[in-house]
Amino acid sequence: MSTLKYFAIIIVFISFAGCNNDKKLPIYGQREAKITKDGIDTVYQTIPAFAFLNQDSVMITQNVFKDKIYIADFFFTSCSTICPVMHRNLKTVFDEYKENPDVMFLSHTIDFKYDKPSVLKKYAQKLGVDGKKWQFVWGSKEAIYTIAEKSYLTVVEEDSTARDGYIHQGWLVLIDKEKKMRGAYDGTKTEQVEQLKKDVAILLKEYKK
Amino acid sequence: MRKYLIGSIFLIIIYSCQSSQEIEYAKYMSNGKDIYIANCQNCHGEKGEGLGELAPPLTDTTFLKTNKNDLACIIKNGVNKEMIINGKKYDGKMPGFNFADIDIAQLMVYITNSFGNKQGMYTYAQVAKDLNSCKP
């Protein structure tokens, strides 16, 4: 009888552990079916190649994010509405994964007129995150606005009637090592940012074999 | 007996006067808090802790005391000059907020009585006075 009891407990434990291991994040964006030799495969939307100037005036591409998962967002340095909250919250994620080289951060400025690399550099230093782990990038209006809307599914716009001249959404977008979009979190809401922290851990587990 | 009666009426008057002042203060505090959450908290933080070196904290009680007469102007017109807060330098730009005098008064009462500050009441009449002498 007692061995049976132990057995039952062990089975319950195993099934719980199984559940945890199975947890995976969804894959967002468009998908299409592709016919291959082995049958039908799903092709997911990925972040296309890009080249932007970072806060050190270095042209960076996706090579910087090779074998990394990263969190992307869109902001501008003179934004006095949602950006400070987004980056206050994102900095707590940064601090939590400070020691993990597999996690990076990518903030795009949408203020192509004013936020030149030197301005981004100062901003990064003042936020207290100046380093390779958190990249702040500048690109042409067309390049940034296109990648925001088409790839990261974030709305950004110039709008002279808005308080600081731009309107944009405060999404923090989680990208995996295959450049697929695995989550989007409202950076102005602390509970969603807490979820992001948990999801980063889940995503990292997928790569632990 | 009559003496006691007069004395107690006197006391009641004083007590109710005080409590109406307290009610006014409480009203300022709670309205001020709403204004703070809607307009200031994103940069200055829920606990007035600021944001890195981008936005200064509101916990420098000495600064807030010695510059009290400038606070209304700072809120109304914004600020674009260097400041030393808690011994650290801040040179970021703060936008102006075109609030009514009463809103500025309520906001100031909230800020100067939170985050470790304890400066008491501040009326909207004082706001009008302070705004008249804003430095360029």
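Chain naming here is simple, since letters A, B, ... match the order of the sequence lines and numbering starts at 1 in each.
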Chemist: Strictly below 4.0 Å, N to O, side chains only: are A:K208 and A:D102 in salt-bridge contact?
Modeler: no
Chemist: In terms of heavy-atom pairs under 4.5 Å, which option from A:Q125, A:R163, A:K122, A:M86 contacts chain B the most?
Modeler: A:R163
Chemist: Indicate whether the side chain of B:N86 and that of B:T59 have a donor and an acceptor atom separated by less than 3.5 Å.
Modeler: yes
Chemist: Check whether B:E46 gets within reach of chain A through its side chain, its backbone, both or neither, counting any heavy atom under 4.5 Å.
Modeler: neither
Chemist: Highest number of heavy-atom pairs under 4.5 Å with chain B: which of A:V85, A:I82, A:V129?
Modeler: A:V85
Chemist: When rounded to the nearest 0.5 angstrom, what distance separates CZ in B:F63 from CE in B:M83?
Modeler: 4.5 Å
Chemist: So does B:K135 pair up with B:D70, basic N to acidic O under 4.0 Å?
Modeler: yes
